[in-house]
Undergrad: 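Handing you a structure now.
We name chains A, B, ... by the order of the sequence lines, and we start the count at 1 in each one.
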Protein chains: 2
Amino acid sequence: MENPLLRKLERFTKLSADDREALDRLASQRIRRRRHREDMIHEGDKPDHVNPILEGWACRYKMLADGRRQILAFLVPGDLCDLHVYILREMDHSIGTITPVKHAEITLEDFDRAIDGRHRVMQALWWDTLVTAAVQREWTTDIGQRSAIERIAHLLLELFYRLESVGLTNGNACELPLTQAEIAEAMGMTPVHANRVLQELRGMGVIELSSKRLVIPDRAALGRIAHFNPNYLHLQRDGSHLDAND
Amino acid sequence: MENPLLRKLERFTKLSADDREALDRLASQRIRRRRHREDMIHEGDKPDHVNPILEGWACRYKMLADGRRQILAFLVPGDLCDLHVYILREMDHSIGTITPVKHAEITLEDFDRAIDGRHRVMQALWWDTLVTAAVQREWTTDIGQRSAIERIAHLLLELFYRLESVGLTNGNACELPLTQAEIAEAMGMTPVHANRVLQELRGMGVIELSSKRLVIPDRAALGRIAHFNPNYLHLQRDGSHLDAND
DNA sequence: CGTAGCTTTGACGAGGGTCAAAATAAGTGG
DNA sequence: CCACTTATTTTGACCCTCGTCAAAGCTACG
């Protein structure tokens, strides 16, 4: 399969052959594999490399002192994970795998070298950072204002759009390797309640979800429940003025 | 008073005289004043300038179709507000004032010109973007996992630290021009409940809050209630290796 | 000093949390 | 491929935190 990172960044601007080659080389130089439910980076670490995900799912999370956990983001193939270690020395949260994960490991120096002089790539990476922040704002809104059913509907739609943008959907279906407990930890509710909400959504016929596979028969219907507006995902090729022409 | 933007950025790295002058010029070229409760930028806009706040408070917010509002961030002097319009064309949220606001208005071209060749300034601005994202993650955790009293305690501490970093505190006191309704909209609760929680915090003697003035007699005590860890504010001069030496 | 905006109270209700156990599904080793 | 173990999903009963609605005090300011 094509490099999912490239695929995602081209959602912003068309890269040149040289850009693509540089990124591809970067993402295939050093590859690591992680097991299921393993911490890739822990809060307090001062990592010196960036870990774009090539296969599998991970999540960004924070633990409170008393064991409560908030999942802050789901990370799927194409996600840079932790580009911010570029500037922020110390991790203020952890990253753990959800499924087995295959990811690249890029030292900051290699990263620097690859970006240097490649303005278009630099902009694309910045775009990715900003979209990540926009998604975080949407999650704040989810948890702060939406009811449990709206929240879960919203999350499922968001994940579907994001997977679609890296070519990981199949018509109206996709893999969704999350447990209900993980969905609950992300949306600030208990697993018991997440279970009840999922049953309700199934009962309404707007989703099918079993054995780690999600089907959304009618996106508009689910969107109406969620009050979903995909503008925050910025899928509109904001960087088309930077398009390469080779 | 000193330019709060400079003051904040120097929390990251020491700027050179030239850097400071460039930023200062940028932030004083075109000044606008806004009234109390006015929208500075609206969701859907495609602004072509950045609006750093020089005086007063504003907030970032999202409206849902049915009128619910989530405040996503409080913006205080020194905050860039909307640096992301640099890359993302269309606003996915709105920015409105809370008090009367004085802000600069910097066109993207001027911004470009000022940053060009000033690597240290560029890094400092990027740092600001990343800290903003880190704060957003903390808010997600607040609303998702913390109880109402923890949340409000956490918010008040965060604001206090941020104000301190731009020189807007006085010992253990600061201005806090928020209504209880605004605090509630930020923390995903009702104004009635926010009121009750504030009374409880007052009753415990960990805050004094009246006529828009906040006093935190014992920061550690309030921190214990909030489970507060300031690491996410990245106040540790992450960019000290970039320090200018003039 | 009147009026609008904020804060505070009270009574009541509901969405979602808690606890615990049962029913399934998914692994694992023999 | 079966038997056993462990993880995940589902149910049920109960209840608590926080939301709703509505009215009454305050405060601030023209």
Undergrad: Does a donor on one side chain sit under 3.5 Å from an acceptor on the other, for E138(B) and H154(B)?
TA: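 Distance-only check passes for E138(B) and H154(B).
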Undergrad: Quick one: is R37(A) getting a side-chain N or O under 4.0 Å of the dT8(D) phosphate, OP1 or OP2?
TA: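 So the side-chain polar atoms of R37(A) do come within 4.0 Å of the phosphate oxygens OP1 or OP2 of dT8(D), strictly under.
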Undergrad: Report yes if some heavy atom in the side chain of R60(A) is under 4.5 Å from a heavy atom in the side chain of I95(A); otherwise report no.
TA: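 Counting from C-beta outward, R60(A) and I95(A) do come under 4.5 Å.
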Undergrad: Taking DNA chain C as the partner, which of residues 202-210 of chain A come within under 4.0 angstrom of it by heavy atom?
TA: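 Going residue by residue through residues 202-210 of chain A, none turns out to have a heavy atom under 4.0 Å of DNA chain C.
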Undergrad: Tell me the interatomic distance from R213(A), atom CZ, to dT8(D), atom P, rounded to whole angstroms.
TA: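 The distance from CZ of R213(A) to P of dT8(D) comes to 21 Å, rounded to the nearest Å.
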Undergrad: To the nearest Å, give me how far apart NE2 (H36(B)) and P (dG30(D)) are.
TA: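 Taking NE2 of H36(B) and P of dG30(D), I get 11 Å after rounding.
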Undergrad: Which heavy atom in I71(B) sits nearest to a heavy atom in C59(B), and how many Å separate them?
TA: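 Looking at all heavy atoms of both residues, the closest pair is CG2-CB, 3.9 Å.
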Undergrad: Among V166(B), L26(B), D24(B), find the one that has a side chain to side chain contact (heavy atoms under 4.5 Å, CB included) with N3(B).
TA: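 It is D24(B), the one option of V166(B), L26(B), D24(B) that forms the side chain to side chain contact (heavy atoms under 4.5 Å, CB included) with N3(B).
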Undergrad: When the distance from NZ of K212(A) to C1' of dA7(D) is rounded to whole Å, what number comes out?
TA: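 So the NZ-C1' distance, K212(A) to dA7(D), works out to 10 Å.
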Undergrad: What's the verdict on salt bridge (charged side-chain N to carboxylate O under 4.0 Å, His left out) for R37(B) and E182(B), showing C-alpha distance, side-chain angles and the deciding distance?
TA: CA-CA 12 Å; R37(B) 308 244 168 124; E182(B) 284 156 346; 3.4 Å; yes
Undergrad: Could you tell me which non-hydrogen atom of Q70(B) sits nearest to which non-hydrogen atom of T141(A), and how far apart they are?
TA: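 Taking every non-hydrogen atom into account, CG-CA, 3.8 Å.
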Undergrad: With respect to L178(A), which candidate in L209(A), L159(A), L214(A) satisfies the side chain to side chain contact (heavy atoms under 4.5 Å, CB included) definition?
TA: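 Going through the options one by one, the only one that passes is L159(A).
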Undergrad: Hey, do the aromatic rings of H93(A) and H84(A) have their centres closer than 6.0 Å?
TA: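 Here the rings of H84(A) and H93(A) have centres that are less than 6.0 Å from each other.
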Undergrad: In whole angstrom, give the distance that lies between atom CD of E182(B) and atom P of dG5(C).
TA: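 About 13 Å, once rounded to whole Å.
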Undergrad: Heavy atoms within less than 4.0 Å of DNA chain C: which residues of residues 183-200 of chain A have one? Give them sorted by number.
TA: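 Of all residues in residues 183-200 of chain A, the ones placing a heavy atom under 4.0 Å from DNA chain C are G188(A), M189(A), T190(A), V192(A), H193(A), R196(A).
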Undergrad: For the pair made of CD1 in I143(A) and P in dG16(C), what is the distance, rounded to whole Å?
TA: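 Atom-to-atom, I143(A) to dG16(C), this comes out as 13 Å.
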Undergrad: Tell me the interatomic distance from R146(B), atom CZ, to dG17(C), atom P, rounded to whole angstroms.
TA: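 Answer to the nearest Å: 17 Å.
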Undergrad: Once you round it to whole Å, what is the distance between P of dT17(D) and CZ of R151(B)?
TA: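 The answer, rounded to whole Å, is 13 Å.
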Undergrad: If I compare all heavy atoms of W57(B) with all of L163(B), which pair ends up nearest, and what's the gap?
TA: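 Here W57(B) and L163(B) meet closest at CZ2-CD1, 3.7 Å.
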Undergrad: For I152(A) and dG15(C), what is the distance between atoms CD1 and C1' respectively, to the nearest whole Å?
TA: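 In whole Å, dG15(C) C1' and I152(A) CD1 are 14 Å from each other.
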